[in-house]
Amino acid sequence: MLQNVRRVNFAVLPGGPLVEQDDVALARALIAGNPGASRVAWDRFAPMVHRILKRTLGPGSEVEDLAQEVFLCLFRKAKTLREPKVLKAFVISITALTARAELRRRRTRRWLHLDVDIIASVHPDPEARQALVRFYEILDGVGAEDRTAFVLRFMEDMELTEVASALDVSLSTTKRRLARVWKRISTLVQRDPALAHYLSSLPRQDLS
């Protein structure tokens, strides 16, 4: 549990007519401090945020707390958003930064064995569960930036430009990073008896 996250019950926040508006209108409402904007932003982007966090970190009870952290950061920084049309990219960037920070905390505190136990307890199929555990053990051997890039590109199916924006690096750096991490992960997956069967389900490398 992340003790430094102030929990917010987004379900009780008002939404109002903003529910019917596009991201640009929502961004402007967040910038202006509209009280209904927080609830609408949560409803609109929370599924994506949870999905990115789960795929980057693996299933775990802290994902909900990290999602709260993402949105609290969004609300604090909303006034710094100069282009309302990039609200979704802004949320993705905050999510990526939050995930990378959590990966660094995990590595520092050596929580790998706890993470594996959590993953093993949530998947009903023993064979698939073992494969999932092994896959996240491989991901745990990858740097935070490379791991986040891999998830955004190959598991979230984001465009290269979106990944570069989320990681705040150039497109060329993103391509090099993805080529490197793809080669490493696919090689390790192919060599692992528990994962070789699932190799065909890995996303294809496309860095064009």
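In this structure, a donor-acceptor pair under 3.5 Å is present between the side chains of R176 and T173.
Heavy-atom minimum distance, A96 versus L152: CB-CD1, 4.3 Å. When every heavy atom of S93 is checked against every heavy atom of A166, the shortest pair comes out as OG-O, 3.4 Å. Across T56 and A99, no two heavy atoms sit closer than the pair CG2-CB, 3.9 Å. Between A41 and L26, the closest heavy-atom pair is CA-CD2, 3.9 Å. In plain terms, the two heavy atoms of Y136 and K54 that are nearest each other are OH-O, 3.2 Å. In plain terms, the two heavy atoms of R153 and L160 that are nearest each other are NH1-N, 3.5 Å.
Residues satisfying the side-chain hydrogen bond (donor to acceptor under 3.5 Å, both in side chains) test with T187, not counting sequence neighbours, are none. Remark: R184 pairs with no residue by the salt bridge (Lys or Arg N to Asp or Glu O under 4.0 Å) rule, at least two apart or across chains. When the salt bridge (Lys or Arg N to Asp or Glu O under 4.0 Å) test is applied to R28, no partner is found at least two apart in sequence or on another chain. Listed by chain and number, the residues in a side-chain hydrogen bond (donor to acceptor under 3.5 Å, both in side chains) with Q21 amount to none (sequence neighbours excluded).
Sorted by first then second residue, the salt bridge (Lys or Arg N to Asp or Glu O under 4.0 Å) pairs that include residues 156-165, not counting sequence neighbours, are R51-E156, R55-E156.
One finds no salt bridge joining D23 and K88 here, because no Lys/Arg side-chain nitrogen approaches an Asp/Glu carboxylate oxygen to under 4.0 Å.
L97 is not connected to F71 by any chain of hydrophobic side-chain contacts under 4.5 Å among Ile, Leu, Val, Met, Phe, Trp and Tyr, and they are in different clusters. The same ILVMFWY cluster, assembled from side-chain heavy atoms under 4.5 Å apart, contains both V40 and M48.
Contact of the I94 side chain with the F45 side chain is not registered, since no non-hydrogen atoms from C-beta on lie closer than 4.5 Å. Proximity of R147 to R100: side-chain heavy atoms (C-beta onward) are nowhere separated by under 4.5 Å. By the 4.5 Å heavy-atom criterion applied to side chains, L167 and R177 are counted as neighbours. V49 has its side chain out of reach of T98: every pair of non-hydrogen atoms, C-beta onward, lies at least 4.5 Å apart. At least one side-chain heavy atom of M158 sits under 4.5 Å from a side-chain heavy atom of I52.
Under a 3.5 Å cut-off, the side chain of S165 and the backbone N or O of T161 do not form any donor-acceptor pair. Put simply, the side chain of T95 gets close to the backbone of V91: a donor and an acceptor are under 3.5 Å apart. A donor-acceptor pair under 3.5 Å is formed between the side chain of S186 and the backbone N or O of K183.
Using cut-offs of 30° and 60° for the angle between ring planes, the F150 and W182 rings count as parallel.
Here the OG1-CD1 distance, from T148 to I92, works out to 13.0 Å after rounding to the nearest 0.5 Å. Atom CG of L139 sits about 10.0 Å away from atom CG of L57, to the nearest 0.5 Å.
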Would you mind writing out the side-chain donor-acceptor pairs for residues 73-87 within the sub-3.5 Å range, not counting sequence neighbours?
residue: T80; atom: OG1; partner: K77; partner atom: O; Å: 2.6

